[in-house]
Amino acid sequence: MDRPKFVDHPEPNIVLRGGPLDGGRARVHNWEAVTLDAGSERCVYRPNGQLDTEYPTLNVYVFDHIETD
């Protein structure tokens with residue numbers, strides 16, 4: 001499964017938790033929901049306002065749902 005270029009970003013500010021992209025690190029510029037491609041699926045992740053335990057400097061975005069056309 002290919003990840004978008006901004007997942008596993010070299011200077012991440014968020015970590016994705018849950019869903020197909022669990023553990024991916026990305027960079028966002030606004031603290032709002034993001035939609036990311038995960039192969040043939042489009043996954044929505046939402047900020048939960050907490051810092052991660054594994055990456056304590058990164059904010060957590062949790063898996064919300066998969067979008068269908």
Side-chain angles (χ1 to χ4, degrees):
M1 177 183 316
D2 291 336
R3 292 186 178 184
K5 289 182 182 178
F6 55 93
V7 173
D8 295 327
H9 192 278
E11 296 178 21
N13 59 359
I14 66 166
V15 63
L16 306 172
R17 292 298 179 205
L21 298 174
D22 184 60
R25 292 171 288 150
R27 184 156 193 89
V28 297
H29 299 287
N30 297 313
W31 299 113
E32 54 191 37
V34 294
T35 302
L36 305 169
D37 290 331
S40 62
E41 301 174 325
R42 293 177 43 86
C43 302
V44 177
Y45 284 82
R46 297 192 182 281
N48 79 347
Q50 297 179 355
L51 294 176
D52 191 64
T53 55
E54 182 179 2
Y55 301 101
T57 61
L58 302 182
N59 288 287
V60 175
Y61 269 51
V62 294
F63 176 72
D64 188 74
H65 66 277
I66 293 175
E67 289 186 342
T68 58
D69 292 331

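A quick note: this is a predicted structure, and the numbers were derived from the prediction, not measured. Only this structure's heavy atoms are used, side chains among them; waters, hydrogens and symmetry mates stay out.
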| request: Find out if a path of hydrophobic residues (ILVMFWY) with successive side-chain heavy-atom gaps under 4.5 Å connects Val15 to Leu21. | output: no
Indicate every side-chain donor-acceptor pair of residues 57-65 with a distance under 3.5 Å to a residue at least two apart or in another chain.
{"unit_1": "Tyr61", "atom_1": "OH", "unit_2": "Asn30", "atom_2": "O", "d": "3.4"}
{"unit_1": "Tyr61", "atom_1": "OH", "unit_2": "Glu32", "atom_2": "N", "d": "3.3"}
{"unit_1": "Tyr61", "atom_1": "OH", "unit_2": "Glu32", "atom_2": "O", "d": "3.2"}

| query | If we only count heavy atoms from C-beta on, is the Thr35 to Glu67 side-chain gap below 4.5 Å? | reply | yes
| field | By salt bridge (charged side-chain N to carboxylate O under 4.0 Å, His left out) - contacts of Glu11 (at least two apart) | value | none
| query | Sub-3.5 Å donor-acceptor pair from the side chain of Tyr55 to the main-chain atoms of Gly23, do we have one? | reply | no
| task | Output the distance between atom CZ (Arg25) and atom CG (Leu16), rounded to the nearest 0.5 Å. | result | 10.5 Å
| Can you name the residues that form a side chain to side chain donor-acceptor pair (under 3.5 Å) with Gln50, not counting sequence neighbours? | none
| query | Are Arg17 and Glu54 close enough for a salt bridge, meaning some N to O gap below 4.0 Å? | reply | yes
| Which atom pair, heavy atoms only, marks the closest approach of Cys43 to Ile66? | SG-CG1, 4.2 Å
| Listed once per pair and sorted, the ring-ring contact (aromatic ring centres under 6.0 Å, His included) pairs that draw on residues 13-44, sequence neighbours left out | none
